[in-house]
Amino acid sequence: MLTQCAQAVANFDQQTASELLKQIRQHSTPHGDATQRLAHYFADGLQTRLVGAKTPSYSPLVSVQMSAAEILKAYQVFITACPFKKMSHFFANRTIMKVAENATRLHIIDFGISYGFQWPCLIQRLSQRPGGPPKLRITAIELPQPGFRPTERVEETGRRLEKYAKRFDVPFEYNVIAQKWETIRIEDIKIDRSELIVVNCMHRLRNIPDETVMVNSPRDAVLKLIRKISPDLFIHGVVNGTYNAPFFLTRCREALLHYYTLFDMLEATISREDEQRFIFEQAIYGRDVVNVVACEGLERVDRPETYRQWQARNVRAGFKQLPLDQKLLKKVKTMSKVMRYHDDFRVDEDGHWMLQGWKGRTIMALSFWKPT
């Protein structure tokens, strides 16, 4: 029925679309099973598109109305149920530890720092390093938040991390850049070649427009900037998605498959009554679904690619892929069993990418690169 409704919306057949939406609304709810929840948010997207309403400005940092504490609580539930983030952060942070083994100064440039969930564990590990921790400098790069205080959330992240670093006696510096990523110049980042430099970008380059939106692809411009920074390590995590087609119907079908997997995953691992699950789905998946279904042009901010497409893009931009550390990969695979995650979660390797999936569908991928 959702596909039929999307077809009617695509044909500008308002009457049929409205009737189908009414039927979908009767069978969908954000508190039901995976299919009902998925249908609820897709119906929101289709309705928004149908009436041509303006969608709220997409912010990667979730709704401004939600406090970081609320999001943190909802994220906690997600991380307890699903190992994707935990595994990516573990693999990335251990790789940073290895590369920065003897560094006295470490500069992490994080494209899309969001709430900075990745860094407390690293700060703690750095504090236990034989011979003491390095001086840690984090350059937090974000898209500006809509409204009068474009850097508010990122500054808040910095204050949290600073407290954490103080607690573990790690010398710490934090700088913020909140602007369109393709407009950042290398001078803005204040590169110091005596530091060991790591560029980190977890699942967020998909929010940067590609060549289907603008002739000079901002996505390639960001990769060019990272190439100029010439980091000792570039960590690239991606959402493996095929729902970036310029054709609305194709995109809808692909998005349905992708998001069904995500809702199904939470359905199998978290109780339906869990309020935090509802908050997470609404704030993250719901927001993304509406963006993918209702928006076009620059307003459509969620534009993923498959890991193989990213592979080609990164190589074109002048990067060489590094092999995965097999010992670490083995650890990540056993993590899932030790932490008693659901049996349908999978970790695989393909062409130096660590792949994470649910029931045979690859959801996320992680890789490590160096400039050629």
When you look at [atom1] of [X], are more than 12 heavy atoms from neighbouring residues, nucleotides or ligands closer to it than 6.0 Å?
| X | atom1 | result |
| --- | --- | --- |
| Arg316 | CZ | yes |
| Asp192 | CG | yes |
| Gln326 | CD | yes |

Report yes if the side chains of [X] and [Y] come closer than 4.5 Å at any heavy-atom pair, otherwise no.
| X | Y | answer |
| --- | --- | --- |
| Gln276 | Glu70 | no |
| Val198 | Ile235 | yes |
| Cys5 | Leu21 | yes |
| Pro371 | Pro231 | yes |
| Ile109 | Ile189 | yes |
| Trp181 | Ile184 | yes |
| Leu143 | Ile208 | yes |
| Met364 | Met354 | no |

Q | Residues in side chain to side chain donor-acceptor pair (under 3.5 Å) contact with Asp13, at least two apart in sequence or another chain | A | Thr16

Q) What pairs with Gln36 under side chain to side chain donor-acceptor pair (under 3.5 Å), at least two apart in sequence or on another chain? A) none

May I ask you to check whether [X] and [Y] show a side-chain donor-acceptor distance below 3.5 Å?
| X | Y | answer |
| --- | --- | --- |
| Thr242 | His258 | no |
| Trp369 | Ser367 | yes |
| Asp288 | Tyr41 | no |
| Asn314 | His236 | yes |
| Asp302 | Asn244 | no |
| Gln14 | Ser18 | no |
| Ser194 | Arg105 | yes |
| Asn200 | Asp110 | yes |
| Arg25 | Gln47 | yes |

State whether the side chain of [X] and the backbone N or O of [Y] hold a donor-acceptor pair below 3.5 Å, judged by distance alone.
| X | Y | answer |
| --- | --- | --- |
| Thr261 | Leu257 | yes |
| Asn11 | Ala8 | no |
| Gln356 | Phe84 | yes |
| Arg251 | Ala245 | yes |
| Ser127 | Pro133 | no |
| Arg227 | Gly318 | yes |
| Arg149 | Glu152 | no |

Q. Where does the angle between the aromatic ring planes of Phe117 and Tyr115 fall among parallel (under 30°), tilted (30 to 60°) and perpendicular (over 60°)?
A.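 The rings of Phe117 and Tyr115 lie parallel, inter-plane angle below 30°.
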
Q. Should the ring pair Trp353 and Tyr307 be called parallel, tilted or perpendicular, given that the plane angle runs from 0 to 90° and is split at 30 and 60?
A. tilted

Q: Show the numbers, then the answer: is there a ring-ring contact (aromatic ring centres under 6.0 Å, His included) between Phe280 and Tyr285?
A: CA-CA 7 Å; Phe280 183 84; Tyr285 296 163; 5.4 Å; yes

Salt bridge [X]-[Y], side-chain N to carboxylate O under 4.0 Å:
| X | Y | result |
| --- | --- | --- |
| Glu155 | Arg159 | no |
| Asp325 | Lys98 | yes |
| Arg49 | Glu296 | yes |
| Glu156 | Arg160 | yes |

Do [X] and [Y] have ring centres separated by under 6.0 Å?
| X | Y | answer |
| --- | --- | --- |
| Tyr259 | Tyr243 | yes |
| His342 | Trp358 | yes |
| Phe368 | Phe234 | no |

Q) Which residues pass the salt bridge (charged side-chain N to carboxylate O under 4.0 Å, His left out) test with Asp264, sequence neighbours left out? A) Lys359

Q | Positive for salt bridge (Lys or Arg N to Asp or Glu O under 4.0 Å) with Glu142, one of Arg204, Arg153, Lys180 | A |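 Result: among Arg204, Arg153, Lys180, Arg204 is the only option passing the salt bridge (Lys or Arg N to Asp or Glu O under 4.0 Å) with Glu142.
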
**Q.** Separation of Met87 CE from Ser336 OG (nearest 0.5 Å)
**A.**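 So the gap between those two atoms works out to 4.0 Å.
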
Q.
Once side-chain contact (heavy atoms from CB on, under 4.5 Å) is applied, do any residues pair with Glu305, and if so which ones, sequence neighbours excluded?
A.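 For Glu305, the residues satisfying side-chain contact (heavy atoms from CB on, under 4.5 Å) (neighbours in sequence not counted) are Arg219, Gln309, Trp310, Arg313.
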
Q.
Show me the pairs that pass salt bridge (charged side-chain N to carboxylate O under 4.0 Å, His left out) and involve residues 72-93, at least two apart or across chains.
A. none

Q. Could you walk me through whether Lys337 and Asp343 pass the salt bridge (charged side-chain N to carboxylate O under 4.0 Å, His left out) check?
A. CA-CA 8 Å; Lys337 286 187 178 66; Asp343 285 346; over 6 Å; no

Q.
Side-chain heavy atoms nearer than 4.5 Å, only ILVMFWY residues, links allowed to pass through others: does that put Val222 and Met214 together?
A. no

(Q) Are Leu249 and Leu256 connected into the same hydrophobic cluster when the rule is that any two of I, L, V, M, F, W, Y join if their side-chain heavy atoms are below 4.5 Å apart? (A) no

Identify each donor-acceptor pair in which a side-chain atom of residues 167-175 lies under 3.5 Å from a protein atom, sequence neighbours left out, and give them as a table.
from: Glu173; atom 1: OE1; to: Lys135; atom 2: NZ; distance (Å): 2.8
from: Tyr174; atom 1: OH; to: Val154; atom 2: O; distance (Å): 2.7
from: Tyr174; atom 1: OH; to: Gly158; atom 2: N; distance (Å): 3.4

Q.
With side chain to side chain donor-acceptor pair (under 3.5 Å) as the test, pick out the partner of Asn93 among Gln118, Gln124, Arg125.
A. Gln118

